[in-house]
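What you see below is based on every heavy atom in this structure, not just the backbone, and it leaves out hydrogens, waters and symmetry mates. Numbered from 1 within each chain, the chains take letters A, B, ... in sequence-line order.
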Protein chains: 2
Amino acid sequence: MELTVWRTFVTVCRLGSLSAAAAELHHTQSAVSRQVAGLERQLGVPLIERHARGVRPTPAGEVFRHHALATLSEADRAVRAAREAGDGAFNRPLTVGATPSLAAGIVPEAIRALQKETGSIRWSLLPGLSAQLHHRVTTGDLDVAVVTDAPPGLPHDPRVERRFLGLDDMVVALPVDHPQAGRGPVRMRTLADETWVEDNDGSAALLHQHAARAGVSARIDLTAADLPGKLALVATGHAIALIPGVLTRALRIDITTVGLVDPPTRGIYTITPHRSPHPCAAPLLDQLATAFTSIRPAHELVSRGSPGSGYR
Amino acid sequence: MELTVWRTFVTVCRLGSLSAAAAELHHTQSAVSRQVAGLERQLGVPLIERHARGVRPTPAGEVFRHHALATLSEADRAVRAAREAGDGAFNRPLTVGATPSLAAGIVPEAIRALQKETGSIRWSLLPGLSAQLHHRVTTGDLDVAVVTDAPPGLPHDPRVERRFLGLDDMVVALPVDHPQAGRGPVRMRTLADETWVEDNDGSAALLHQHAARAGVSARIDLTAADLPGKLALVATGHAIALIPGVLTRALRIDITTVGLVDPPTRGIYTITPHRSPHPCAAPLLDQLATAFTSIRPAHELVSRGSPGSGYR
DNA sequence: GGCCGGCCCTGCGGAGTGCGCATACCGGCC
DNA sequence: GGCCGGTATGCGCACTCCGCAGGGCCGGCC
């Protein structure tokens with residue numbers, strides 16, 4: 001009686017594997033296995049044959065899959081029709097702006113959680129720097145902006161509503177074969193001899209400030225054009241970099257991170273118009289808040305493969 | 001994304017009232033209210049107008065209702081088709097036998113719970129005495145029998161499987177205006193002067209035995225043909241009766257019950273063929289077990305309106 | 001033929017949620 | 001204006017669902 005379970009079953013049939021379906025649906029294999037088993041128990045009929053190299057639908061499974069597809073498409077139509085009949089607000093895509101690190105880290109996860117509870121909605125994500133994003137909220141271009149108070153900080157503007165999500169610890173990105181990789185939190189002076197790379201003035205200022213407090217100076221010998229370029233230089237061993245902790249779970253496979261003792265932090269904020277025109281804006285803010293708090297514990301971890309990532 | 005919620009909404013629209021829908025669906029008004037509210041939140045669109053004398057669907061609600069009906073019927077078809085494609089076992093109705101008291105008490109509730117998890121299945125309920133029901137299980141007439149060990153007790157028969165559900169305390173049925181109505185557990189000697197009514201030899205034996213243990217004798221001056229007749233005599237004040245506790249929640253409005261100090265008990269058992277041919281037999285046994293254990297606490301109560309009955 | 005690796009199942013513990021209950025609120029009706 | 005039917009909501013509980021970790025099974029490869 002749960003349509004998400006039916007959708008899971010259809011995906012399993014399409015891919016011929018519980019694990020593959022789990023990966024596509026961003027669940028664990030365990031959850032998919034139990035969902036299908038529960039469906040079979042409800043129906044009282046085996047739906048798939050378990051094989052050593054995957055699964056294959058039984059005849060009954062094939063029949064059910066056919067009807068399930070029809071049901072799901074009808075359900076989608078119902079949701080769509082109700083929203084169109086309500087008012088036009090849903091037909092416009094939800095436009096979300098975020099800084100590059102947040103756009104790679106928590107925002108997609110929050111949108112996914114939002115879609116899980118509202119069903120499929122259209123949306124677009126615009127990367128940008130905090131100041132630009134703030135401006136675009138005032139002009140109405142953006143429904144929601146997710147920004148940081150990294151230098152030069154956020155302006156105070158009564159025309160928009162600002163909500164504090166939490167503090168994000170900065171971490172150090174290293175190539176996986178770096179001597180410090182896999183260690184616990186390190187001190188800034190341990191990294192005194194390293195070459196650093198930065199991609200914008202705000203980040204550079206933050207790094208210099210933090211190094212100065214630790215009594216050392218950070219040599220920024222390289223400058224990258226953007227975040228991906230910065231990470232490319234880290235991955236290839238040319239330098240190390242200070243990056244936001246929210247990025248930890250969305251890094252390249254050839255990069256790892258270590259925490260810092262007494263790390264610098266950035267405040268994460270959402271910015272919205274006072275009376276948000278889009279009905280999904282408020283729910284998205286909630287999802288961002290929970291997504292952020294659920295990410296926090298990952299900062300305690302030293303390396304990749306953080307908990308909660310499941311089979312993703 | 002939960003089809004049961006959609007079904008709730010459709011029912012609400014049909015009846016024009018949350019409370020009425022709750023009663024029909026055997027839920028509380030609270031649950032229905034929250035289900036509809038959650039649906040509106042998911043869709044981002046108000047579906048009903050709350051009115052002082054019920055609710056009425058909004059235009060969007062009307063549209064959604066239309067599509068929801070289509071989806072639900074398609075989902076029903078999916079379930080039905082899968083079961084037919086499996087094997088013929090589901091097409092045969094599940095035949096359940098039970099003694100009159102159990103047929104009125106826990107069996108319908110267990111079937112309802114079963115249907116809640118398996119969807120609509122066909123079934124039939126045959127009342128009978130324990131010995132008859134036992135025989136019909138051996139002949140294959142019944143898929144499941146729910147019986148008691150009241151005198152003369154259950155035969156030991158290796159051809160069938162017997163499962164113990166629990167002990168059921170007997171209680172005393174009284175007309176609502178009886179002096180003892182609403183009191184706490186009473187002693188048998190308090191009722192020594194009463195006139196009792198019984199409807200079969202087993203019950204009469206149990207009553208006489210229990211009265212004797214308490215040092216009094218019970219006058220059975222009336223005999224009824226069956227359970228409804230027995231209760232009719234109680235309701236009209238002609239006599240009082242010893243009845244199974246499981247009946248407490250299914251009594252006539254003009255009858256109440258009081259517990260007994262150190263009451264006589266009956267064991268409740270299920271009897272099934274060893275290899276039950278019907279796929280719903282095993283789940284039904286589980287439902288009966290949970291239904292019975294959830295009923296038990298009600299025995300502690302003195303009068304009607306037991307907890308857990310909700311708006312039913 | 002024996003080892004290995006991928007795939008699926010299941011017991012355990014924790015987090016989230018849906019529900020029942022009791023109560024507050026709200027709008028007609030007499 | 002008081003009463004009453006009907007709906008919304010805070011609180012606490014129980015249940016479910018999921019992620020994790022360990023185990024079993026089968027096919028393929030050496």
Distance check needed: [N] [atom2] versus [X] [atom1], whole Å only.
X: B:E2; N: C:dT17; atom1: CD; atom2: C1'; result: 11 Å
X: A:K116; N: C:dG16; atom1: NZ; atom2: P; result: 12 Å
X: A:L15; N: C:dC8; atom1: CG; atom2: P; result: 11 Å
X: A:M1; N: C:dG18; atom1: CE; atom2: C1'; result: 18 Å
X: A:I48; N: C:dC7; atom1: CD1; atom2: C1'; result: 12 Å
X: A:R56; N: C:dC7; atom1: CZ; atom2: P; result: 17 Å
X: B:H27; N: C:dC21; atom1: NE2; atom2: P; result: 13 Å
X: A:L18; N: C:dG6; atom1: CG; atom2: C1'; result: 13 Å

Donor on one side chain, acceptor on other, [X] and [Y], under 3.5 Å:
X: A:T11; Y: A:R7; value: no
X: A:T118; Y: B:Q42; value: no
X: B:E49; Y: B:T58; value: no
X: A:R112; Y: A:H26; value: yes

Let me check the geometry of the helix from C:dG1-D:dC30 to C:dC30-D:dG1. What is the bend angle between the axes at its two ends, five pairs each, to 10°?
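Overall, the helix from C:dG1-D:dC30 to C:dC30-D:dG1 bends by 20° from one end axis to the other.
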Reported CD1-to-CG distance for the pair A:I111 and A:L288, which is rounded to 0.5 angstrom:
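The CD1 atom of A:I111 sits 7.5 Å away from the CG atom of A:L288.
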Give, for atom CH2 of A:W123 and atom CD of A:Q115, the distance between the pair rounded to the nearest 0.5 Å.
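It comes to 7.5 Å.
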With a 4.5 Å heavy-atom cut-off, do B:R14 and B:R65 have their side chains touching?
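A side-chain contact under 4.5 Å exists here.
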Should B:S19 be listed as having a side-chain N or O under 4.0 Å from OP1 or OP2 of D:dG5?
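No, because none of the side-chain N or O atoms of B:S19 sits under 4.0 Å from OP1 or OP2 of D:dG5.
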Please encode protein proximity along nucleotides 22-30 of chain C as a string of B, S and -, counting only heavy-atom distances under 4.0 Å.
-----B---
Which of residues 31-39 of chain A sit near DNA chain D, with a heavy atom under 4.0 Å from it?
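Those residues whose heavy atoms fall under 4.0 Å from DNA chain D, taken from residues 31-39 of chain A in numerical order, are A:A31, A:R34, A:Q35.
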For B:A181 and B:L174, which heavy atoms make the closest approach, and how far apart are they?
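Where B:A181 meets B:L174 most closely, the heavy atoms are N-CD1, 3.9 Å.
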Restricting to non-hydrogen atoms, name the atom on A:T272 and the atom on A:D143 that form the minimum distance, rounded to 0.1 Å.
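Smallest interatomic distance, heavy atoms only, reads CG2-O, 3.5 Å.
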Please step through side-chain contact (heavy atoms from CB on, under 4.5 Å) for the pair A:L247 and A:L102, ending with a clear verdict.
CA-CA 7 Å; A:L247 269 180; A:L102 293 166; over 6 Å; no
Taking the side chain of A:T28 as its heavy atoms from C-beta onward, which of D:dC20, D:dA8, C:dC8 lies nearest to it?
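It is D:dC20.
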Over 12 non-hydrogen atoms of neighbours within 6.0 angstrom of CZ in B:R50
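It does: B:R50 CZ has more than 12 such atoms within range.
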